[in-house]
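Presented below is the structure to which this report refers.
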Amino acid sequence: MILDGNDPSAIAAAARALRGGALLGLPTETVYGLAADASSDAAVAQIFAAKGRPSDHPLIVHVADASGITHFAREVPAFAQALVDAFWPGPLTLILPRLSGVATAATGGQDSVGLRCPAHPVAHAVLQACAAPGDGPEFGGPPVWGLAAPSANRFGRVSPTTALHVQDELGEALLVLDGGPCGVGIESTIVDCTRGVPVLLRPGAITRTQIAAACGIEPLSKEELPALTPRASGTLEAHYAPNAKVRLMDAKALQTGLDLLGAEAAHLAVYARAPLRSASPQVLLRRMPDDAEATAQQLFAALRSFDDAGARLIWIETPPDTPDWEGVRDRLQRAAAA
């Protein structure tokens with residue numbers, strides 16, 4: 001069931017459901033999440049079951065504001081606090097040392113926790129309503145200080161960026177708040193803050209350059225500091241995959257392939273910045289935006305549309321090897337590896 005996320009009564013209904021231990025399709029600025037009370041192991045177990053996600057693969061916990069950190073993390077290094085001050089609310093997840101006995105299931109049993117404060121107004125309203133004082137029928141249960149909310153899709157598949165995507169993935173029985181299309185379109189940047197220096201575990205809209213400028217330390221890659229790397233959402237080699245097989249190629253290889261297939265080509269979609277031609281009317285050609293931000297915003301919706309059109313193979317022009325394209329490049333490489 002999809003409700004208007006701008007309707008206060010829908011926000012109240014969503015908060016009651018979450019405080020009562022139910023699941024919710026929640027819009028954020030990155031992608032739509034499948035949310036549950038992060039402190040309830042039973043509620044979190046429903047997320048793993050609905051997604052078909054391994055229970056040791058940790059979930060990101062969303063909080064209403066920076067004060068929510070104290071409910072889940074035992075310390076915040078100075079450089080991590082600088083990142084909070086610079087980018088929250090926004091598409092940045094910080095991995096911090098976890099408080100003992102808190103959000104055990106949501107963190108996959110690790111002694112660290114991923115925390116994010118989303119910028120989407122609907123998500124913020126839900127988080128505030130969940131944390132409101134009171135424990136009566138009108139509230140649905142005790143206050144909820146944070147929501148575990150991985151992307152609202154089957155594990156390993158394309159993340160949803162609209163309410164209808166969530167419903168198509170997980171069924172009409174799930175309560176979903178409609179907050180419109182996601183503005184960022186790919187998942188948050190994840191920075192590990194548990195080992196004394198910032199370590200970039202997953203690129204996103206917030207770049208390495210921005211991280212360094214905000215905290216004064218150049219973030220390392222996980223390959224530069226591989227020991228004791230915490231497990232984190234969306235970092236498996238194969239992920240974010242449509243049903244069709246994804247292949248990355250440069251523009252010259254794309255055009256060569258289309259020329260070789262000729263007029264008989266079918267069940268093929270091509271997503272590229274370069275202007276391409278095909279002799280087959282059955283080939284679906286879609287222009288990729290020239291800038292990374294616009295591409296990220298539409299990427300997952302484009303992949304879903306290719307599946308819906310019956311494509312069995314998706315050829316995609318390899319993104320530029322520049323910092324602003326790192327998040328898009330990461331998602332496409334993982335989709336191609338599936």
Side-chain angles (χ1 to χ4, degrees), residues 2-20 22-40 43-44 47 59-73 76 80-81 83-94 96 103 106 113-134 138-152 159-163 165-166 174-190 204-206 233 297:
I2 296 177
L3 300 181
D4 182 359
N6 296 309
D7 182 350
S9 66
I11 297 294
R16 282 195 300 271
L18 289 163
R19 290 172 69 148
L23 299 180
L24 173 75
L26 179 71
T28 80
E29 74 277 22
T30 57
V31 300
Y32 275 69
L34 182 61
D37 179 359
S39 297
S40 168
V44 168
I47 295 179
L59 311 176
I60 293 170
V61 176
H62 297 65
V63 294
D65 52 46
S67 67
I69 294 174
T70 60
H71 293 282
F72 297 96
V76 183
Q81 186 61 55
L83 295 176
V84 168
D85 295 340
F87 300 116
W88 278 20
L92 178 68
T93 295
L94 301 180
L96 297 168
V113 58
L115 294 174
R116 183 166 97 83
C117 177
H120 197 291
V122 173
H124 187 252
V126 170
L127 286 161
Q128 284 190 313
C130 283
E138 68 274 27
F139 293 105
V144 169
W145 302 112
L147 298 176
S151 56
S159 300
T161 54
T162 70
H165 290 166
V166 179
L174 176 69
L175 177 61
V176 182
L177 291 182
D178 189 350
C182 298
V184 174
I186 60 173
E187 298 80 1
S188 60
T189 302
I190 300 180
I206 295 173
S233 294
Q297 187 176 40

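Positions are given from 1 along the sequence.
Looking at every heavy atom in both residues, Ile47 comes nearest to Pro150 through CG2-CG, 3.5 Å. Looking at every heavy atom in both residues, Thr93 comes nearest to Ser188 through OG1-OG, 2.8 Å. Here the closest non-hydrogen pair linking Phe72 and Ala103 is CD2-CB, 4.1 Å. The heavy-atom pair separating Ala148 from Ala106 by the smallest distance is CB-CB, 4.2 Å. Minimum interatomic distance between Leu24 and Leu174 (heavy atoms only, all atoms of both residues): N-CD1, 4.1 Å. The two atoms that bring Ala66 and Val84 nearest to each other are CB-CG1, 3.9 Å, heavy atoms only.
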Please report, to 0.1 Å, the donor-acceptor pairs under 3.5 Å made by any side chain of residues 33-40, with sequence neighbours excluded.
from, atom 1, to, atom 2, distance (Å)
Asp37, OD1, Ser39, N, 2.9
Ser40, OG, Ala43, N, 3.1

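Side chain of Gln297 to backbone of Gly183: a donor-acceptor contact under 3.5 angstrom is found. A donor-acceptor pair under 3.5 Å is formed between the side chain of Thr189 and the backbone N or O of Gly204.
Under the side chain to side chain donor-acceptor pair (under 3.5 Å) criterion, Ser67 pairs with Asp65, not counting sequence neighbours. Trp88 is linked by a ring-ring contact (aromatic ring centres under 6.0 Å, His included) to nothing, counting only residues two or more places apart in sequence or in another chain. Ala13 is linked by a side-chain contact (heavy atoms from CB on, under 4.5 Å) to Arg16, counting only residues two or more places apart in sequence or in another chain. For His124, there are no ring-ring contact (aromatic ring centres under 6.0 Å, His included) partners at least two apart in sequence or on another chain. Not counting sequence neighbours, the partners of Ala125 by the side-chain contact (heavy atoms from CB on, under 4.5 Å) test are Ile11. Partners of Gln81 by side chain to side chain donor-acceptor pair (under 3.5 Å), not counting sequence neighbours, listed by chain and number: Asp85. Take Cys182 and apply the side-chain contact (heavy atoms from CB on, under 4.5 Å) test, not counting sequence neighbours, and it matches Tyr32, Thr161. Residues satisfying the side-chain contact (heavy atoms from CB on, under 4.5 Å) test with Ala17, not counting sequence neighbours, are Ala22, Leu175.
In this structure the side chain of Leu177 reaches within 4.5 angstrom of the side chain of Leu3, judged on heavy atoms. Using a 4.5 Å cut-off on side-chain heavy atoms (C-beta onward), Leu94 and Ile69 make no contact. A 4.5 Å side-chain heavy-atom check between Leu26 and Leu18 finds every atom pair outside the cut-off. Counting heavy atoms from C-beta on, the side chains of Leu127 and Pro118 come closer than 4.5 Å.
Applying the side-chain hydrogen bond (donor to acceptor under 3.5 Å, both in side chains) test to every pair with at least one member in residues 113-122, sequence neighbours left out, gives these pairs: Thr28-Arg116, Glu29-Arg116, Thr30-Arg116. Residue pairs meeting the salt bridge (charged side-chain N to carboxylate O under 4.0 Å, His left out) criterion with at least one partner in residues 174-184, sequence neighbours excluded, are absent.
Taken from CG in Leu115 to CD1 in Ile190, the straight-line distance is 11.5 Å, to the nearest 0.5 Å.
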